[in-house]
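Working notes for the structure below.
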Amino acid sequence: MSHETGNLSINSENILPIIKKWLYSDTDIFLRELVSNSADAITKLQKLVSMGLEDVQISADEKYKINVVLDEENKIIQIIDNGLGMTADEIKQYINQIAFSGAVDFLEKYKDKLDKENEIIGHFGLGFYSAFMVADKVQIETLSYKKDAVSAKWISDGGIQYEMEEGTRGARGTTITLFVGESGKDFLNEYKLKSILKKYCSFIPVEIFFETVKNEEVKDADEVVETEEQEQIVDEVKPINDTNPLWLKQPKDCTDEEYKEFYQKVFSDFNEPLFWIHLNMDYPFRLKGILYFPKLKHELETAEGQVKLYSNQVFIADNIKEVIPEFLLLLKGTIDCPDIPLNVSRSFLQNDGYVSKMSGYITKKVADKLNSLYKNEKENFIKFWDDINLFIKYGCIKDRSFYDKVKDTLLYKTTSDDYVTLNEYLERNKEKHENKIFYVSNEKQQAQYIKLFKEQEMEAVILSSSLDNPFISYLENYESGKTFTRIDSDLSDSLKNKEEESSPEINEQLQSLFSGVLKNEKVKIKTETLKSDSVPAIILLSEQSRRMQEMSKMFGSMNMPNMFENEETLVLNKNNNLVKSLISIKDDEAKKEDVELICEQLYDLAMMSHKPLEANEMTKFIERTTKLLERLI
């Protein structure tokens with residue numbers, strides 16, 4: 001083979017700016033690309049061997065591997081494989097011609113290479129050029145598996161000009177040597193390089209061994225070849241990757257312990273997941289993976305999910321929402337989509353038909369799993385509910401199709417301390433209130449109202465998360481005729497004693513008394529005869545007013561004025577002994593101050609069950625309580 005030189009780009013366009021701008025967002029991607037190419041070369045050779053072709057004289061049980069070697073002193077990184085290898089002609093085809101047509105055709109040629117037979121990126125396709133992101137000079141030394149093949153060596157400085165001549169490699173396969181320059185000096189670090197390998201290549205289907213060279217004398221690049229001694233050293237250490245990740249197995253062949261171990265290994269989370277979903281699909285696209293529902297310590301933690309996307313066991317990125325429905329990014333998991341190209345722009349993903357189908361498939365599988373748990377393992381499903389309900393509600397809001405699939409298995413915890421579906425709640429409460437769902441947003445704060453309900457054998461559902469307000473509005477949109485009312489928004493007729501005769505005169509006296517004492521025009525005063533005699537007064541705020549206030553607060557955070565004032569109603573219970581006593585002493589001049597103190601105290605007590613008092617209100621309440629106790633003594 002004669003010595004040959006040439007230019008890689010006849011238009012004198014440097015390929016590197018294109019690579020950096022379009023293909024690669026992270027410099028460390030170079031290692032993924034080169035190792036992926038090596039794995040591809042080995043995988044293709046294994047296919048040829050399995051086909052039993054005459055010109056492939058290789059043992060079927062040969063040990064295939066990839067070695068990544070770091071020589072920090074000489075600023076060299078090597079990727080060595082025993083795969084297909086290349087002939088000189090193949091180097092010209094795969095390496096030299098790739099950039100001949102300049103930047104415009106370059107992108108088109110890239111897309112053309114993404115066929116199923118040329119998965120990942122193809123044996124020495126575009127990914128190879130990422131080497132120049134970290135190396136000033138790159139050398140390929142390769143020997144093809146083909147009979148009578150001659151070793152070939154290719155060297156290029158800066159990715160523009162190249163030299164090619166006969167090489168010295170005696171074993172089949174390829175060695176890529178990167179002479180690392182200033183831009184890649186950070187990668188001449190054992191810990192960093194190994195971390196990158198583990199990030200991108202933890203599940204590549206060929207064993208990868210990492211080695212550092214500690215040599216005193218500087219070797220010529222031609223001499224940096226894999227020797228038998230090096231092989232023996234490497235063979236003593238374990239590969240850094242798992243070539244057969246759990247998602248490749250059939251779900252029926254996986255044990256619970258294997259699922260838990262895999263979860264802990266991949267996510268370094270030593271809390272056990274609640275449950276998981278094993279995805280396994282071959283048509284109309286290939287998709288495998290495992291999605292885990294982690295146990296959340298608190299509500300804010302829902303933002304810390306991590307779904308890792310792989311292509312043919314090569315890591316691409318975390319949380320790509322074009323492929324994985326956004327609400328599922330709250331989970332942890334691994335998804336392997338061989339039909340998705342390894343290097344791809346987000347706009348390409350958004351316009352890809354397969355991607356939307358994958359997203360829909362994943363959504364359906366999650367819904368199916370939830371429905372199955374509800375139907376077949378309801379006791380466990382109820383145990384999980386407090387941990388997973390935020391995720392499910394978020395999914396419903398973000399994806400109508402998901403809501404339609406799971407709406408009959410959505411659970412609601414009640415003040416009766418059980419879990420029911422919306423239909424079950426409505427059915428067992430229909431005699432007291434039809435198509436109306438009473439709810440509690442803060443069990444401690446609203447304890448007084450809950451007590452009133454329980455005394456009349458009524459119940460409310462508990463909706464206490466920050467997501468529940470938009471979720472309620474969402475449900476009312478799609479569940480026609482059903483309305484949600486907070487427990488302190490309205491007095492159900494079931495709480496009132498309708499048989500008690502109403503006295504307009506007493507009503508007017510009470511209203512006049514409290515209006516005069518409170519001197520608060522924003523508070524409406526109303527009287528009722530409740531069935532319970534234990535509660536002297538409660539505060540009500542209509543559901544509509546409360547929602548308007550919450551909207552106003554939200555806009556208020558954006559420096560907009562508060563458009564909706566409070567419209568609370570103080571409801572006095574004429575059936576309560578304290579209220580009755582007030583009526584009897586209200587005209588006693590000697591007790592005038594006591595009456596005022598009691599009126600103010602009743603108002604604050606009612607307000608405290610409705611919402612927290614402001615600082616100055618709490619100070620007054622404590623001072624007033626002390627004064628009342630002193631008078632009692």
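The residues of the chain are indexed from 1 along the displayed sequence. For the numbers below, each heavy atom of this structure counts, side chains included, while hydrogens, waters and symmetry mates do not.
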With sequence neighbours excluded, residues passing ring pair (Phe, Tyr, Trp, His ring centres under 6.0 Å) with Phe262: Phe203

Donor-acceptor side-chain pairing of Thr625 and Gln601 below 3.5 angstrom: yes

Qualifying residues under side-chain contact (heavy atoms from CB on, under 4.5 Å), relative to Pro612, sequence neighbours excluded: Gln445

N/O donor-acceptor pair under 3.5 Å between Ser515 side chain and Gln511 backbone: yes

Under 3.5 Å donor-acceptor, Ser609 side chain and Gln446 backbone: no

Neighbour count above 12 (heavy atom, 6.0 Å) for Gln544 CD: no

Heavy atoms from other residues, nucleotides or ligands near NZ of Lys586 exceed 12 (cutoff 6.0 Å): yes

Asp269 vs Gln264, side chain to side chain contact (heavy atoms under 4.5 Å, CB included): CA-CA, chis, key distance, verdict: CA-CA 5 Å; Asp269 185 347; Gln264 289 171 351; 5.9 Å; no

Atom NZ of Lys627: over 12 foreign heavy atoms under 6.0 Å: no

Donor-acceptor under 3.5 Å (Tyr425 side chain, Glu459 main chain): yes

Ser581 backbone acceptor or donor facing Ser584 side chain under 3.5 Å: yes

Other residues, nucleotides, ligands: >12 heavy atoms within 6.0 Å of Asp417 CG: no

Side-chain H-bond candidate by donor/acceptor type, Glu543 with Tyr439, under 3.5 Å: yes

Working for side chain to side chain contact (heavy atoms under 4.5 Å, CB included), residues Glu617 and Met607: CA-CA 10 Å; Glu617 294 169 341; Met607 188 60 78; 5.5 Å; no

Side-chain donor-acceptor contact under 3.5 Å, Asn435 with Lys482: no

Exceeds 12 heavy-atom contacts within 6.0 angstrom, atom NZ of Lys398: no

Ion pair check, Lys364 and Asp368, cut-off under 4.0 Å: yes

Taking every non-hydrogen atom, the tightest pair across Tyr263 and Lys332: OH-CD, 3.6 Å

Exercise: identify the closest heavy-atom pair between Trp247 and Gly289: CB-CA, 3.7 Å

N/O donor-acceptor pair under 3.5 Å between Ser545 side chain and Leu541 backbone: no

NZ/NE/NH1/NH2 to OD/OE distance under 4.0 Å, Asp588 and Lys592: no

Atom CD of Glu476: over 12 foreign heavy atoms under 6.0 Å: yes

Side-chain ion pair, Glu568 and Lys524, N-O less than 4.0 Å: no

Donor-acceptor side-chain pairing of Asp468 and Ser465 below 3.5 angstrom: yes

Audit row: Tyr394, Phe327, ring-ring contact (aromatic ring centres under 6.0 Å, His included) steps and yes/no: CA-CA 6 Å; Tyr394 183 59; Phe327 69 93; 7.2 Å; no

Qualifying residue, where the test is ring pair (Phe, Tyr, Trp, His ring centres under 6.0 Å) with Phe293 and the options are Phe384, Phe391, Trp276, Phe381: Phe391

From CA spacing to verdict: side chain to side chain contact (heavy atoms under 4.5 Å, CB included), Leu328, Phe402: CA-CA 11 Å; Leu328 293 179; Phe402 180 70; 5.9 Å; no

Given Lys454, Lys451, Gln456, Glu455, the one that forms side-chain hydrogen bond (donor to acceptor under 3.5 Å, both in side chains) with Ser532: Glu455

Within the 6.0 Å centroid threshold, strictly below: Tyr603 and Phe514: no

Geometric class of the Phe484/Tyr412 ring pair [parallel <30°, tilted 30-60°, perpendicular >60°]: tilted

Under 3.5 Å side-chain donor-acceptor pair for Thr421 and Asn423: no

Asn376 side chain to Leu373 backbone, donor-acceptor under 3.5 Å: no

Main-chain N/O of Glu424 paired with Glu427 side-chain donor or acceptor, under 3.5 Å: no

Check: Tyr474 ring centre within less than 6.0 Å of Tyr478 ring centre: yes

Tyr292 and Phe267 aromatic ring geometry - parallel, tilted or perpendicular at 30°/60° bounds: perpendicular

Ionic contact status for Asp336 with Lys288, cut-off 4.0 Å: no

Residues Lys413 and Asp418 bridged, charged N to O under 4.0 Å: no

Donor-acceptor pair between Thr363 and Lys405 side chains, under 3.5 angstrom: no

Sidechain-backbone polar pair: Asn507 side chain, Thr527 backbone, donor-acceptor under 3.5 Å: no

Polar side chain donor-acceptor pair, Thr529 to Asn575, under 3.5 angstrom: no

Whether Ser195 side chain and Tyr191 backbone form a donor-acceptor pair below 3.5 Å: yes

Heavy-atom donor-acceptor pair, Thr414 side chain to Ser416 backbone, under 3.5 Å: yes

His278 ring center near Tyr259 ring center (under 6.0 Å): yes

pair Leu570-Leu518: side-chain heavy atoms closer than 4.5 Å: yes

Ile392 versus Trp385, closest heavy-atom pair with distance: CD1-CZ3, 3.5 Å

Nearest-0.5 Å distance, NZ of residue Lys308 to NZ of residue Lys199: 8.0 Å

